[in-house]
Protein chains: 2
Amino acid sequence: MIEEIPDIVISRLPIYLRELTRLAEEEGKLTTSSHELGKHLGISSAQIRKDLSHFGEFGKQGTGYHINYLVQQLRQILHLTREWNVAVIGAGYLGHALTHYKAFLDQGFHITAIFDNDPAKIGEQLDDIVVQDMADLEKTITELNIKMAILVVPANVAQEITDRLVDAGVRAILSYAPIYLKVPPDIQVSYSDPVVQMQRMTYYLA
Amino acid sequence: MIEEIPDIVISRLPIYLRELTRLAEEEGKLTTSSHELGKHLGISSAQIRKDLSHFGEFGKQGTGYHINYLVQQLRQILHLTREWNVAVIGAGYLGHALTHYKAFLDQGFHITAIFDNDPAKIGEQLDDIVVQDMADLEKTITELNIKMAILVVPANVAQEITDRLVDAGVRAILSYAPIYLKVPPDIQVSYSDPVVQMQRMTYYLA
DNA sequence: CTACAATTGTGAAAACTTACACGAATCAAC
DNA sequence: GTTGATTCGTGTAAGTTTTCACAATTGTAG
Ligand SMILES: NC(=O)c1ccc[n+]([C@@H]2O[C@H](COP(=O)([O-])OP(=O)(O)OC[C@H]3O[C@@H](n4cnc5c(N)ncnc54)[C@H](O)[C@@H]3O)[C@@H](O)[C@H]2O)c1
Ligand SMILES: NC(=O)c1ccc[n+]([C@@H]2O[C@H](COP(=O)([O-])OP(=O)(O)OC[C@H]3O[C@@H](n4cnc5c(N)ncnc54)[C@H](O)[C@@H]3O)[C@@H](O)[C@H]2O)c1
(Lines give C-alpha, C1' and ligand atoms only; values in the text may rest on other atoms or scores of the structure.)
(Ligands and ions follow the chains in the order given, each with its own letter.)
Protein backbone atom coordinates (compact mmCIF):
# COMPACT_ATOMS: atom_id res chain seq x y z
CA MET A 1 0.00 0.00 0.00
CA ILE A 2 3.06 2.23 0.15
CA GLU A 3 3.15 3.80 -3.27
CA GLU A 4 6.60 5.08 -4.09
CA ILE A 5 6.22 8.34 -5.96
CA PRO A 6 8.85 9.02 -8.63
CA ASP A 7 11.25 11.84 -7.86
CA ILE A 8 10.63 13.29 -11.29
CA VAL A 9 7.02 13.82 -10.28
CA ILE A 10 8.03 15.47 -7.02
CA SER A 11 10.37 17.80 -8.85
CA ARG A 12 7.53 19.12 -10.99
CA LEU A 13 5.23 19.93 -8.08
CA PRO A 14 7.08 23.12 -7.08
CA ILE A 15 6.78 24.30 -10.67
CA TYR A 16 3.04 23.74 -10.59
CA LEU A 17 2.86 25.49 -7.26
CA ARG A 18 4.80 28.48 -8.57
CA GLU A 19 2.60 28.88 -11.64
CA LEU A 20 -0.63 28.38 -9.70
CA THR A 21 0.39 31.11 -7.29
CA ARG A 22 1.20 33.39 -10.19
CA LEU A 23 -2.13 32.67 -11.89
CA ALA A 24 -3.96 33.58 -8.71
CA GLU A 25 -1.93 36.63 -7.78
CA GLU A 26 -1.16 38.16 -11.13
CA GLU A 27 -4.03 37.08 -13.31
CA GLY A 28 -6.61 37.01 -10.56
CA LYS A 29 -7.75 33.53 -11.50
CA LEU A 30 -9.73 31.36 -9.08
CA THR A 31 -9.76 28.14 -11.10
CA THR A 32 -7.68 26.60 -13.85
CA SER A 33 -7.47 23.40 -15.88
CA SER A 34 -4.65 20.98 -16.54
CA HIS A 35 -4.72 22.21 -20.11
CA GLU A 36 -4.31 25.88 -19.17
CA LEU A 37 -1.66 25.17 -16.56
CA GLY A 38 0.21 23.02 -19.04
CA LYS A 39 0.14 25.71 -21.68
CA HIS A 40 1.76 28.13 -19.25
CA LEU A 41 4.48 25.65 -18.38
CA GLY A 42 5.19 23.80 -21.61
CA ILE A 43 3.96 20.55 -20.05
CA SER A 44 1.20 18.29 -21.38
CA SER A 45 -2.13 18.33 -19.61
CA ALA A 46 -2.04 14.54 -19.27
CA GLN A 47 1.24 14.75 -17.44
CA ILE A 48 -0.11 17.24 -14.96
CA ARG A 49 -3.22 15.18 -14.28
CA LYS A 50 -1.18 12.01 -13.91
CA ASP A 51 1.26 13.70 -11.54
CA LEU A 52 -1.49 15.05 -9.32
CA SER A 53 -3.36 11.74 -9.35
CA HIS A 54 -0.56 10.20 -7.31
CA PHE A 55 -1.72 12.22 -4.34
CA GLY A 56 -5.49 12.39 -4.64
CA GLU A 57 -8.32 13.79 -6.69
CA PHE A 58 -8.03 17.54 -6.56
CA GLY A 59 -10.05 18.53 -9.61
CA LYS A 60 -13.58 18.33 -10.89
CA GLN A 61 -14.64 17.09 -14.30
CA GLY A 62 -15.85 19.86 -16.50
CA THR A 63 -14.56 22.54 -14.14
CA GLY A 64 -10.87 21.93 -13.51
CA TYR A 65 -9.04 22.83 -10.34
CA HIS A 66 -9.79 25.39 -7.68
CA ILE A 67 -6.44 27.14 -7.47
CA ASN A 68 -6.40 28.01 -3.79
CA TYR A 69 -7.37 24.49 -2.83
CA LEU A 70 -4.76 22.92 -5.09
CA VAL A 71 -2.06 25.27 -3.81
CA GLN A 72 -2.94 24.31 -0.27
CA GLN A 73 -2.75 20.61 -1.15
CA LEU A 74 0.59 20.97 -2.90
CA ARG A 75 2.02 22.88 0.02
CA GLN A 76 0.93 20.09 2.31
CA ILE A 77 2.42 17.41 0.09
CA LEU A 78 5.74 19.25 -0.11
CA HIS A 79 5.81 19.97 3.64
CA LEU A 80 5.64 23.69 3.11
CA THR A 81 2.97 24.36 5.68
CA ARG A 82 5.69 24.74 8.27
CA GLU A 83 8.69 27.06 8.14
CA TRP A 84 12.22 25.85 7.56
CA ASN A 85 15.37 27.30 9.06
CA VAL A 86 18.22 27.36 6.57
CA ALA A 87 21.95 27.87 6.96
CA VAL A 88 24.10 29.48 4.27
CA ILE A 89 27.72 28.35 4.25
CA GLY A 90 30.01 30.87 2.57
CA ALA A 91 29.54 34.63 2.75
CA GLY A 92 31.01 35.39 -0.68
CA TYR A 93 29.29 36.89 -3.69
CA LEU A 94 26.76 34.15 -4.03
CA GLY A 95 26.17 33.86 -0.31
CA HIS A 96 25.30 37.55 -0.25
CA ALA A 97 22.95 37.29 -3.23
CA LEU A 98 21.11 34.32 -1.76
CA THR A 99 20.84 35.81 1.69
CA HIS A 100 19.21 38.91 0.26
CA TYR A 101 16.87 36.90 -1.94
CA LYS A 102 13.39 37.66 -0.69
CA ALA A 103 11.68 34.71 -2.38
CA PHE A 104 13.07 32.33 0.23
CA LEU A 105 11.33 34.08 3.07
CA ASP A 106 8.11 34.37 1.06
CA GLN A 107 8.10 30.61 0.71
CA GLY A 108 8.85 29.87 4.33
CA PHE A 109 12.60 29.36 4.13
CA HIS A 110 14.27 31.40 6.86
CA ILE A 111 17.97 31.95 6.46
CA THR A 112 18.83 32.05 10.12
CA ALA A 113 22.59 31.53 10.01
CA ILE A 114 25.51 32.32 7.72
CA PHE A 115 28.99 30.95 8.17
CA ASP A 116 32.43 31.73 6.81
CA ASN A 117 36.00 31.03 7.87
CA ASP A 118 37.45 34.33 6.71
CA PRO A 119 38.15 36.58 9.72
CA ALA A 120 37.40 39.60 7.54
CA LYS A 121 33.88 38.34 6.96
CA ILE A 122 33.03 36.93 10.38
CA GLY A 123 30.95 39.45 12.27
CA GLU A 124 29.74 41.19 9.11
CA GLN A 125 26.09 42.19 9.24
CA LEU A 126 24.09 40.70 6.38
CA ASP A 127 20.48 41.78 6.33
CA ASP A 128 19.40 41.02 9.88
CA ILE A 129 21.93 38.37 10.74
CA VAL A 130 25.65 38.23 11.40
CA VAL A 131 28.22 36.07 9.67
CA GLN A 132 29.39 33.42 12.13
CA ASP A 133 32.66 31.60 12.47
CA MET A 134 32.75 28.10 11.03
CA ALA A 135 33.81 26.97 14.47
CA ASP A 136 30.24 27.58 15.63
CA LEU A 137 28.69 25.52 12.80
CA GLU A 138 27.65 22.43 14.74
CA LYS A 139 26.49 24.35 17.78
CA THR A 140 24.30 26.80 15.86
CA ILE A 141 22.82 24.17 13.56
CA THR A 142 21.76 22.14 16.53
CA GLU A 143 20.42 25.08 18.51
CA LEU A 144 18.38 26.51 15.65
CA ASN A 145 17.20 23.06 14.55
CA ILE A 146 18.50 23.65 11.04
CA LYS A 147 17.82 20.79 8.64
CA MET A 148 18.59 22.51 5.34
CA ALA A 149 21.74 24.24 4.12
CA ILE A 150 22.88 26.16 1.07
CA LEU A 151 26.50 25.52 0.23
CA VAL A 152 28.36 28.38 -1.45
CA VAL A 153 31.98 27.71 -0.66
CA PRO A 154 34.85 26.83 -3.01
CA ALA A 155 34.73 23.30 -4.46
CA ASN A 156 37.88 22.16 -2.68
CA VAL A 157 36.28 22.50 0.77
CA ALA A 158 32.73 21.53 -0.21
CA GLN A 159 33.01 17.84 0.66
CA GLU A 160 34.52 18.34 4.09
CA ILE A 161 31.94 20.96 4.98
CA THR A 162 29.20 18.68 3.69
CA ASP A 163 30.41 15.97 6.04
CA ARG A 164 30.26 18.39 8.95
CA LEU A 165 26.76 19.54 7.98
CA VAL A 166 25.47 16.00 7.78
CA ASP A 167 27.04 15.09 11.10
CA ALA A 168 25.42 18.16 12.63
CA GLY A 169 21.97 16.99 11.52
CA VAL A 170 21.44 18.74 8.18
CA ARG A 171 19.25 16.58 5.93
CA ALA A 172 19.10 18.58 2.69
CA ILE A 173 21.79 20.56 0.91
CA LEU A 174 21.54 22.87 -2.06
CA SER A 175 25.06 23.10 -3.41
CA TYR A 176 26.49 25.63 -5.83
CA ALA A 177 29.97 24.16 -5.62
CA PRO A 178 30.92 22.53 -8.92
CA ILE A 179 31.58 19.09 -7.51
CA TYR A 180 29.61 15.92 -6.78
CA LEU A 181 29.04 15.47 -3.08
CA LYS A 182 29.14 12.09 -1.38
CA VAL A 183 26.44 11.81 1.27
CA PRO A 184 24.55 9.03 3.05
CA PRO A 185 21.52 7.77 1.12
CA ASP A 186 18.97 9.51 3.33
CA ILE A 187 20.43 12.96 2.69
CA GLN A 188 19.00 15.08 -0.11
CA VAL A 189 21.35 17.04 -2.36
CA SER A 190 20.47 19.40 -5.16
CA TYR A 191 23.00 21.10 -7.42
CA SER A 192 23.23 24.32 -9.34
CA ASP A 193 26.14 24.85 -11.71
CA PRO A 194 25.66 27.50 -14.37
CA VAL A 195 28.74 26.36 -16.29
CA VAL A 196 27.25 22.91 -16.71
CA GLN A 197 24.00 24.44 -17.89
CA MET A 198 25.75 26.67 -20.39
CA GLN A 199 27.79 23.75 -21.69
CA ARG A 200 24.66 21.73 -22.29
CA MET A 201 23.22 24.55 -24.35
CA THR A 202 26.29 25.09 -26.52
CA TYR A 203 25.82 21.56 -27.83
CA TYR A 204 22.73 22.79 -29.64
CA LEU A 205 24.40 25.92 -31.00
CA ALA A 206 25.85 24.75 -34.29
CA MET B 1 21.74 7.96 -40.59
CA ILE B 2 21.06 11.04 -38.45
CA GLU B 3 21.10 9.70 -34.93
CA GLU B 4 19.18 11.95 -32.57
CA ILE B 5 21.00 12.00 -29.29
CA PRO B 6 18.79 12.27 -26.19
CA ASP B 7 19.04 15.54 -24.30
CA ILE B 8 19.47 13.64 -21.08
CA VAL B 9 22.71 12.24 -22.48
CA ILE B 10 23.90 15.70 -23.53
CA SER B 11 23.18 17.06 -20.09
CA ARG B 12 25.51 14.52 -18.49
CA LEU B 13 28.46 15.28 -20.72
CA PRO B 14 29.40 18.52 -18.94
CA ILE B 15 29.40 16.60 -15.67
CA TYR B 16 31.79 14.04 -17.11
CA LEU B 17 33.93 16.83 -18.47
CA ARG B 18 34.03 18.57 -15.11
CA GLU B 19 35.07 15.44 -13.25
CA LEU B 20 37.63 14.40 -15.86
CA THR B 21 39.25 17.80 -15.61
CA ARG B 22 39.31 17.52 -11.85
CA LEU B 23 40.83 14.02 -11.99
CA ALA B 24 43.59 15.30 -14.23
CA GLU B 25 44.30 18.55 -12.42
CA GLU B 26 43.79 17.61 -8.80
CA GLU B 27 44.60 13.93 -8.69
CA GLY B 28 47.18 14.04 -11.45
CA LYS B 29 45.57 11.15 -13.28
CA LEU B 30 46.29 10.46 -16.95
CA THR B 31 43.75 7.70 -17.52
CA THR B 32 40.52 6.57 -15.92
CA SER B 33 37.80 3.96 -16.40
CA SER B 34 34.05 4.21 -16.69
CA HIS B 35 33.92 2.48 -13.34
CA GLU B 36 36.17 4.99 -11.59
CA LEU B 37 34.48 7.99 -13.19
CA GLY B 38 31.11 6.61 -12.23
CA LYS B 39 32.16 6.11 -8.64
CA HIS B 40 33.15 9.76 -8.41
CA LEU B 41 29.81 10.90 -9.86
CA GLY B 42 27.26 8.46 -8.48
CA ILE B 43 26.55 7.19 -11.99
CA SER B 44 26.78 3.58 -13.21
CA SER B 45 29.71 2.65 -15.40
CA ALA B 46 27.36 1.19 -18.01
CA GLN B 47 25.60 4.50 -18.30
CA ILE B 48 28.81 6.35 -18.91
CA ARG B 49 29.96 3.90 -21.57
CA LYS B 50 26.56 3.97 -23.26
CA ASP B 51 26.49 7.76 -23.24
CA LEU B 52 29.93 8.07 -24.76
CA SER B 53 29.22 5.38 -27.34
CA HIS B 54 26.74 7.73 -29.00
CA PHE B 55 29.65 9.78 -30.22
CA GLY B 56 32.42 7.32 -30.93
CA GLU B 57 34.83 4.88 -29.35
CA PHE B 58 37.02 6.85 -27.03
CA GLY B 59 38.29 4.12 -24.73
CA LYS B 60 40.43 1.02 -24.90
CA GLN B 61 39.52 -2.37 -23.52
CA GLY B 62 41.60 -3.26 -20.50
CA THR B 63 42.94 0.28 -20.16
CA GLY B 64 40.01 2.66 -20.00
CA TYR B 65 40.07 6.25 -21.21
CA HIS B 66 42.95 8.60 -21.74
CA ILE B 67 41.67 11.63 -19.87
CA ASN B 68 43.18 14.36 -21.99
CA TYR B 69 41.92 12.77 -25.16
CA LEU B 70 38.42 12.26 -23.79
CA VAL B 71 38.29 15.82 -22.48
CA GLN B 72 39.29 17.06 -25.90
CA GLN B 73 36.58 14.95 -27.54
CA LEU B 74 33.90 16.11 -25.12
CA ARG B 75 34.87 19.71 -25.65
CA GLN B 76 34.50 19.22 -29.36
CA ILE B 77 31.13 17.53 -29.03
CA LEU B 78 29.83 20.33 -26.81
CA HIS B 79 31.25 23.06 -29.06
CA LEU B 80 33.59 24.30 -26.39
CA THR B 81 36.67 24.54 -28.58
CA ARG B 82 35.64 28.06 -29.48
CA GLU B 83 34.91 30.90 -27.10
CA TRP B 84 31.43 32.22 -26.45
CA ASN B 85 30.49 35.80 -25.75
CA VAL B 86 27.78 36.07 -23.12
CA ALA B 87 25.51 38.91 -22.06
CA VAL B 88 24.24 39.30 -18.50
CA ILE B 89 20.89 41.07 -18.19
CA GLY B 90 20.39 42.60 -14.76
CA ALA B 91 23.15 44.11 -12.65
CA GLY B 92 21.62 43.22 -9.30
CA TYR B 93 22.99 40.92 -6.61
CA LEU B 94 22.99 37.86 -8.80
CA GLY B 95 24.27 39.71 -11.84
CA HIS B 96 27.25 40.85 -9.80
CA ALA B 97 27.96 37.37 -8.46
CA LEU B 98 27.81 35.78 -11.90
CA THR B 99 29.90 38.45 -13.55
CA HIS B 100 32.63 37.93 -10.98
CA TYR B 101 32.46 34.16 -11.31
CA LYS B 102 35.79 33.09 -12.69
CA ALA B 103 34.71 29.62 -13.79
CA PHE B 104 32.91 31.06 -16.80
CA LEU B 105 36.06 32.53 -18.23
CA ASP B 106 38.01 29.36 -17.47
CA GLN B 107 35.54 27.45 -19.60
CA GLY B 108 35.53 29.87 -22.50
CA PHE B 109 32.44 31.89 -21.63
CA HIS B 110 33.28 35.58 -21.88
CA ILE B 111 30.85 37.91 -20.22
CA THR B 112 31.29 40.79 -22.59
CA ALA B 113 28.22 42.88 -21.81
CA ILE B 114 25.98 43.64 -18.83
CA PHE B 115 22.72 45.52 -19.06
CA ASP B 116 20.35 47.19 -16.63
CA ASN B 117 17.62 49.80 -16.86
CA ASP B 118 18.34 51.48 -13.54
CA PRO B 119 20.09 54.82 -14.14
CA ALA B 120 21.92 54.34 -10.85
CA LYS B 121 23.52 51.16 -12.19
CA ILE B 122 24.19 52.14 -15.79
CA GLY B 123 27.83 53.17 -16.14
CA GLU B 124 28.91 51.21 -13.09
CA GLN B 125 32.22 49.42 -13.56
CA LEU B 126 31.94 45.69 -12.96
CA ASP B 127 35.23 43.87 -13.24
CA ASP B 128 36.51 45.06 -16.59
CA ILE B 129 33.24 46.01 -18.20
CA VAL B 130 30.65 48.72 -17.75
CA VAL B 131 26.93 48.28 -17.14
CA GLN B 132 25.08 49.37 -20.26
CA ASP B 133 21.65 50.84 -20.75
CA MET B 134 18.97 48.41 -21.90
CA ALA B 135 18.44 50.73 -24.82
CA ASP B 136 21.73 49.48 -26.27
CA LEU B 137 20.76 45.80 -25.92
CA GLU B 138 20.10 44.96 -29.56
CA LYS B 139 22.99 47.01 -30.89
CA THR B 140 25.60 45.52 -28.55
CA ILE B 141 24.37 41.95 -28.95
CA THR B 142 24.65 42.23 -32.69
CA GLU B 143 28.04 43.94 -32.64
CA LEU B 144 29.63 41.49 -30.21
CA ASN B 145 27.99 38.50 -31.91
CA ILE B 146 26.46 37.39 -28.63
CA LYS B 147 24.49 34.15 -28.87
CA MET B 148 24.10 33.35 -25.17
CA ALA B 149 22.57 35.35 -22.33
CA ILE B 150 22.14 35.01 -18.60
CA LEU B 151 18.89 36.48 -17.38
CA VAL B 152 18.89 37.90 -13.86
CA VAL B 153 16.05 40.40 -13.85
CA PRO B 154 12.78 40.34 -11.90
CA ALA B 155 10.24 37.78 -13.11
CA ASN B 156 7.74 40.37 -14.26
CA VAL B 157 10.04 41.67 -16.99
CA ALA B 158 11.73 38.37 -17.87
CA GLN B 159 9.43 37.44 -20.76
CA GLU B 160 9.59 40.78 -22.53
CA ILE B 161 13.38 40.88 -22.23
CA THR B 162 13.55 37.31 -23.48
CA ASP B 163 11.60 38.32 -26.56
CA ARG B 164 14.05 41.14 -27.19
CA LEU B 165 17.04 38.85 -26.73
CA VAL B 166 15.66 36.30 -29.17
CA ASP B 167 14.87 38.98 -31.72
CA ALA B 168 18.41 40.30 -31.35
CA GLY B 169 19.85 36.89 -32.21
CA VAL B 170 20.44 35.24 -28.83
CA ARG B 171 20.02 31.47 -29.16
CA ALA B 172 20.51 30.23 -25.59
CA ILE B 173 19.33 31.70 -22.30
CA LEU B 174 20.17 30.72 -18.75
CA SER B 175 17.39 32.19 -16.66
CA TYR B 176 17.29 32.74 -12.91
CA ALA B 177 13.90 34.41 -13.04
CA PRO B 178 11.26 32.18 -11.40
CA ILE B 179 9.01 31.95 -14.42
CA TYR B 180 8.63 29.72 -17.48
CA LEU B 181 9.78 31.51 -20.62
CA LYS B 182 8.03 31.11 -23.96
CA VAL B 183 10.53 30.94 -26.79
CA PRO B 184 10.61 29.61 -30.36
CA PRO B 185 11.48 25.91 -30.58
CA ASP B 186 15.03 26.47 -31.80
CA ILE B 187 15.98 28.53 -28.75
CA GLN B 188 17.60 26.84 -25.76
CA VAL B 189 16.51 27.78 -22.26
CA SER B 190 17.88 26.54 -18.98
CA TYR B 191 16.51 27.47 -15.57
CA SER B 192 17.85 27.86 -12.08
CA ASP B 193 15.43 28.45 -9.24
CA PRO B 194 16.72 27.67 -5.76
CA VAL B 195 13.24 27.90 -4.24
CA VAL B 196 12.02 25.13 -6.52
CA GLN B 197 15.03 23.03 -5.59
CA MET B 198 14.49 23.57 -1.88
CA GLN B 199 10.80 22.72 -2.22
CA ARG B 200 11.62 19.45 -3.91
CA MET B 201 13.88 18.53 -1.02
CA THR B 202 11.40 19.34 1.73
CA TYR B 203 9.15 16.62 0.33
CA TYR B 204 11.68 14.08 1.58
CA LEU B 205 12.06 15.69 5.00
CA ALA B 206 9.36 14.03 7.05
C1' DC C 1 -35.16 18.26 -19.02
C1' DT C 2 -31.91 17.54 -22.69
C1' DA C 3 -27.98 18.31 -25.45
C1' DC C 4 -23.44 19.78 -25.61
C1' DA C 5 -18.89 21.28 -24.38
C1' DA C 6 -15.32 20.99 -21.07
C1' DT C 7 -12.56 18.51 -18.20
C1' DT C 8 -11.03 14.98 -14.88
C1' DG C 9 -8.75 10.50 -13.49
C1' DT C 10 -6.83 6.42 -15.30
C1' DG C 11 -5.75 1.86 -17.69
C1' DA C 12 -3.13 0.65 -21.52
C1' DA C 13 0.17 1.63 -25.08
C1' DA C 14 4.15 3.85 -26.60
C1' DA C 15 8.40 5.93 -25.93
C1' DC C 16 12.36 6.56 -23.55
C1' DT C 17 16.15 5.40 -20.27
C1' DT C 18 18.88 2.43 -17.53
C1' DA C 19 20.95 -1.87 -16.26
C1' DC C 20 22.68 -6.34 -17.43
C1' DA C 21 25.85 -9.36 -19.26
C1' DC C 22 29.09 -10.92 -22.53
C1' DG C 23 32.47 -11.18 -26.54
C1' DA C 24 36.56 -8.93 -27.68
C1' DA C 25 40.63 -6.36 -26.74
C1' DT C 26 44.45 -5.00 -23.86
C1' DC C 27 48.10 -5.42 -20.65
C1' DA C 28 50.99 -7.31 -16.93
C1' DA C 29 53.08 -11.17 -14.79
C1' DC C 30 55.44 -15.25 -15.19
C1' DG D 1 53.71 -17.51 -25.29
C1' DT D 2 50.01 -18.30 -21.84
C1' DT D 3 47.17 -16.96 -18.15
C1' DG D 4 44.38 -13.92 -15.68
C1' DA D 5 42.62 -9.47 -14.52
C1' DT D 6 40.54 -5.33 -16.59
C1' DT D 7 37.71 -2.84 -19.25
C1' DC D 8 35.33 -1.40 -23.39
C1' DG D 9 31.26 -1.22 -26.59
C1' DT D 10 26.82 -2.98 -27.33
C1' DG D 11 22.59 -6.05 -28.05
C1' DT D 12 18.96 -7.06 -25.22
C1' DA D 13 16.13 -6.97 -21.19
C1' DA D 14 14.10 -4.45 -17.59
C1' DG D 15 12.39 -0.47 -15.72
C1' DT D 16 10.58 4.21 -15.94
C1' DT D 17 8.04 8.00 -17.89
C1' DT D 18 5.02 10.01 -21.08
C1' DT D 19 1.20 9.96 -24.08
C1' DC D 20 -3.15 8.37 -25.65
C1' DA D 21 -7.83 7.93 -25.42
C1' DC D 22 -12.09 7.31 -23.19
C1' DA D 23 -15.84 6.67 -19.54
C1' DA D 24 -17.64 9.56 -16.16
C1' DT D 25 -18.89 13.95 -14.30
C1' DT D 26 -19.97 18.78 -14.25
C1' DG D 27 -21.91 23.09 -15.73
C1' DT D 28 -24.34 25.81 -19.32
C1' DA D 29 -27.59 27.02 -22.70
C1' DG D 30 -31.84 26.47 -24.74
N1 LIG E 1 29.64 33.50 -8.13
C2 LIG E 1 28.77 32.81 -8.84
O3 LIG E 1 28.00 33.38 -9.61
C4 LIG E 1 28.69 31.33 -8.71
C5 LIG E 1 27.76 30.68 -9.47
C6 LIG E 1 27.61 29.32 -9.33
C7 LIG E 1 28.42 28.64 -8.47
N8 LIG E 1 29.35 29.26 -7.77
C9 LIG E 1 30.12 28.47 -6.82
O10 LIG E 1 29.65 28.83 -5.53
C11 LIG E 1 30.71 28.84 -4.61
C12 LIG E 1 30.87 30.22 -4.05
O13 LIG E 1 31.01 31.16 -5.07
P14 LIG E 1 31.28 32.69 -4.77
O15 LIG E 1 31.34 33.37 -6.07
O16 LIG E 1 30.34 33.18 -3.75
O17 LIG E 1 32.75 32.62 -4.20
P18 LIG E 1 33.43 33.60 -3.14
O19 LIG E 1 34.88 33.33 -3.19
O20 LIG E 1 32.94 34.98 -3.33
O21 LIG E 1 32.84 33.08 -1.76
C22 LIG E 1 33.25 31.89 -1.16
C23 LIG E 1 33.20 32.14 0.33
O24 LIG E 1 33.52 30.93 0.99
C25 LIG E 1 34.36 31.24 2.07
N26 LIG E 1 35.16 30.05 2.44
C27 LIG E 1 36.26 29.56 1.85
N28 LIG E 1 36.68 28.45 2.48
C29 LIG E 1 35.82 28.25 3.50
C30 LIG E 1 35.75 27.28 4.53
N31 LIG E 1 36.61 26.27 4.61
N32 LIG E 1 34.73 27.38 5.40
C33 LIG E 1 33.85 28.40 5.32
N34 LIG E 1 33.87 29.33 4.37
C35 LIG E 1 34.85 29.26 3.47
C36 LIG E 1 35.23 32.37 1.60
O37 LIG E 1 35.76 33.09 2.70
C38 LIG E 1 34.23 33.17 0.79
O39 LIG E 1 33.59 34.15 1.58
C40 LIG E 1 31.92 28.34 -5.37
O41 LIG E 1 32.01 26.96 -5.24
C42 LIG E 1 31.59 28.67 -6.80
O43 LIG E 1 32.23 27.78 -7.67
C44 LIG E 1 29.48 30.61 -7.84
N1 LIG F 1 19.35 36.84 -5.43
C2 LIG F 1 19.35 35.53 -5.59
O3 LIG F 1 20.03 34.81 -4.89
C4 LIG F 1 18.51 34.89 -6.63
C5 LIG F 1 18.56 33.54 -6.74
C6 LIG F 1 17.84 32.90 -7.73
C7 LIG F 1 17.06 33.63 -8.56
N8 LIG F 1 16.98 34.96 -8.43
C9 LIG F 1 16.20 35.69 -9.41
O10 LIG F 1 17.11 36.35 -10.24
C11 LIG F 1 16.61 37.61 -10.62
C12 LIG F 1 17.54 38.70 -10.11
O13 LIG F 1 17.74 38.57 -8.72
P14 LIG F 1 18.59 39.60 -7.91
O15 LIG F 1 18.61 39.14 -6.51
O16 LIG F 1 19.86 39.88 -8.60
O17 LIG F 1 17.64 40.88 -7.98
P18 LIG F 1 18.06 42.42 -7.93
O19 LIG F 1 16.83 43.19 -7.68
O20 LIG F 1 19.24 42.61 -7.07
O21 LIG F 1 18.53 42.68 -9.43
C22 LIG F 1 17.66 42.80 -10.49
C23 LIG F 1 18.25 43.82 -11.46
O24 LIG F 1 17.43 43.87 -12.61
C25 LIG F 1 17.31 45.22 -12.98
N26 LIG F 1 16.10 45.42 -13.77
C27 LIG F 1 14.81 45.52 -13.35
N28 LIG F 1 13.99 45.70 -14.39
C29 LIG F 1 14.76 45.70 -15.48
C30 LIG F 1 14.49 45.86 -16.87
N31 LIG F 1 13.24 46.01 -17.32
N32 LIG F 1 15.51 45.84 -17.72
C33 LIG F 1 16.77 45.66 -17.27
N34 LIG F 1 17.10 45.51 -15.98
C35 LIG F 1 16.09 45.53 -15.10
C36 LIG F 1 17.27 45.99 -11.69
O37 LIG F 1 17.65 47.34 -11.89
C38 LIG F 1 18.29 45.22 -10.86
O39 LIG F 1 19.59 45.74 -11.01
C40 LIG F 1 15.21 37.68 -10.05
O41 LIG F 1 14.30 37.19 -11.00
C42 LIG F 1 15.26 36.72 -8.89
O43 LIG F 1 13.99 36.19 -8.64
C44 LIG F 1 17.71 35.61 -7.50
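Ranked by how close their nearest DNA chain D nucleotide is to the 5' end, A:Asp7 and A:Ala46 are led by A:Asp7.
In this structure the side chain of A:Phe104 never reaches within 4.5 angstrom of the side chain of A:Val86, judged on heavy atoms. In this structure, B:Tyr101 and A:Pro194 have side chains that are in contact, with non-hydrogen atoms separated by less than 4.5 Å. A heavy-atom distance below 4.5 Å is not found between the side chains of B:Met201 and B:Leu205.
Without hydrogens or angle criteria, A:Ser44 side chain to A:Gln47 main chain gives a donor-acceptor distance under 3.5 Å.
Using five terminal pairs a side, the axes of the helix from C:dC1-D:dG30 to C:dC30-D:dG1 at its two ends make an angle of 10°, given in steps of 10 degrees.
The salt bridge (charged side-chain N to carboxylate O under 4.0 Å, His left out) test applied to B:Lys29 returns B:Glu27, B:Glu36, not counting sequence neighbours. A search for ring-ring contact (aromatic ring centres under 6.0 Å, His included) contacts involving B:His100 returns A:Tyr93, not counting sequence neighbours. With sequence neighbours left out, A:Glu83 forms a salt bridge (charged side-chain N to carboxylate O under 4.0 Å, His left out) with no residue at all. Residues satisfying the salt bridge (charged side-chain N to carboxylate O under 4.0 Å, His left out) criterion with B:Arg49, sequence neighbours excluded, are absent altogether. B:Ala177 pairs by the side-chain contact (heavy atoms from CB on, under 4.5 Å) definition with B:Ala158, B:Ser175, B:Ile179, not counting sequence neighbours. Contacts of A:Glu26 classified as side-chain contact (heavy atoms from CB on, under 4.5 Å), with partners at least two apart in sequence or in another chain: A:Arg22. Shown here are the salt bridge (charged side-chain N to carboxylate O under 4.0 Å, His left out) partners of A:Asp128, two or more places apart in sequence or in another chain: there are none.
A heavy atom lying under 4.0 Å from DNA chain C marks the following residues of residues 58-76 of chain B, by number: B:Gln61, B:Gly62, B:Thr63. Against DNA chain C, the stretch residues 13-27 of chain B makes no heavy-atom approach under 4.0 Å. Applying a 4.0 Å cut-off to non-hydrogen atoms, none of the residues of residues 30-43 of chain A approaches DNA chain D.
Shown here is A:Lys182, whose NZ atom has more than 12 heavy atoms of other residues, nucleotides or ligands within 6.0 Å.
Taking atom NE2 of residue B:His54 and atom P of nucleotide D:dG9, one finds them 13 Å apart after rounding to whole Å. Going from atom CG of A:Asp51 over to atom C1' of D:dT18 covers 10 Å, rounded to whole Å. As a whole-Å value, the separation of B:Phe55 CZ from D:dG9 C1' is 15 Å. Following rounding to the nearest Å, A:Gln47 (CD) and D:dA21 (C1') show an atom-to-atom distance of 16 Å.
Between A:Asp118 and A:Asp116, the shortest heavy-atom contact is N-OD1, 3.0 Å. Nearest heavy atom pair, residue B:Thr32 against residue B:Leu37, reads OG1-N, 3.9 Å. Looking at every heavy atom in both residues, A:Gln188 comes nearest to B:Arg200 through OE1-NH2, 2.9 Å.
Backbone-only engagement by B:Ile8 is indicated by non-hydrogen atom pairs under 4.0 Å involving sugar-phosphate atoms exclusively.
The aromatic rings of B:Tyr203 and A:Phe55 lie perpendicular to each other, with more than 60° between the two planes, well past the 30° mark.
Heavy-atom contacts of chain A under 4.0 Å fall on DNA chain C between two terminal nucleotides, which in 5' to 3' order are C:dA6 to C:dA12.
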